[in-house]
Structures are given as C-alpha cells and as structure tokens.
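Single-structure report; data block below.
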Amino acid sequence: MNCNKAIKEISGYLDGDLDEALKHTLEAHLTYCNHCHAVYDSTRKTIDLYCDGKLFSLPEDVHTRLHEALKRKMQEHA
Ligand SMILES: [Zn+2]
C-alpha cells in the first residue's frame, strides 16, 4: 500500500467501512509511515471534535470538508 492509497482509505477506516484485509493492510502502513499516521491522527481528532466521541456518523458537510482537507494534504505531499 502506498501513501495515496492509505490516505484515501483513512476516512473509510475511521467510519468502520473497510473489510478486514484492507483494514490490516492500512494498519500495517500506519505503523511504519509517520506521514500517514499523522494524517490518520488528525483526522481522528477532527472527528472526535465534531462528534464529541458520541456519534458514529458525520453530517454530510463535515464529511465533505474532511475529504477536502485530506485531498489538500495529499496534494501538499505529492
Ligand atoms: Zn504513508
């Protein structure tokens, strides 16, 4: 798995949308890739912030903004 692919899967991972195999591949990537781990971490914190840890689904506009932010991060590092 490369970084672009990993970053694309992070929001699905946080939503619990990934199948087991993909989840393990992504987790493996996150353990050795500091860059993706940082993206994962800030995405997770953003979600916690919006949901206060209580809700499991994000409002559509929050989701969109999150994806936009991820896309920008990907471009910065491209
Ligand atoms: Zn990476």
Side-chain angles (χ1 to χ4, degrees):
M1 176 174 285
N2 63 31
C3 292
N4 275 2
K5 169 97 171 128
I7 286 171
K8 255 183 247 161
E9 303 296 352
I10 282 174
S11 70
Y13 177 67
L14 289 165
D15 286 343
D17 280 348
L18 302 189
D19 63 43
E20 282 301 297
L22 195 53
K23 208 170 97 175
H24 286 295
T25 314
L26 181 61
E27 280 170 351
H29 185 89
L30 291 177
T31 58
Y32 67 76
C33 180
N34 285 340
H35 166 58
C36 290
H37 195 270
V39 173
Y40 163 72
D41 219 44
S42 63
T43 307
R44 189 170 49 82
K45 280 182 189 140
T46 306
I47 291 174
D48 282 352
L49 208 67
Y50 279 114
C51 298
D52 198 27
K54 291 179 192 109
L55 298 174
F56 294 100
S57 60
L58 291 170
E60 196 56 44
D61 66 316
V62 176
H63 234 213
T64 308
R65 265 183 281 153
L66 212 57
H67 281 273
E68 291 301 312
L70 285 173
K71 251 187 271 167
R72 272 201 306 276
K73 271 189 197 288
M74 275 165 69
Q75 278 155 8
E76 278 168 26
H77 291 273

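In each ligand, atom 1 is the first atom listed, and ligand 1 is the first ligand listed.
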Problem set entry | Steps toward salt bridge (charged side-chain N to carboxylate O under 4.0 Å, His left out) verdict (E9, K5) | CA-CA 6 Å; E9 303 296 352; K5 169 97 171 128; 2.9 Å; yes
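- If you look at the Zn ion (ligand 1), the protein N, O or S atoms less than 2.8 Å from it are C3 SG, H29 NE2, C33 SG, C36 SG.
- Residues S11 and H67 approach most closely at OG-CE1, 3.0 Å, considering heavy atoms.
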Exercise. Stepwise, does the side chain to side chain contact (heavy atoms under 4.5 Å, CB included) test hold for I10 with R44?
Worked result: CA-CA 9 Å; I10 282 174; R44 189 170 49 82; over 6 Å; no
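- Looking only at side-chain heavy atoms (C-beta outward), C3 and M74 stay at 4.5 Å or farther from each other.
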Exercise. Can you check side chain to side chain contact (heavy atoms under 4.5 Å, CB included) on I7 and H35, steps first, answer last?
Worked result: CA-CA 10 Å; I7 286 171; H35 166 58; 3.5 Å; yes
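- Considering only heavy atoms from C-beta on, L14 comes within 4.5 Å of Y40 through its side chain.
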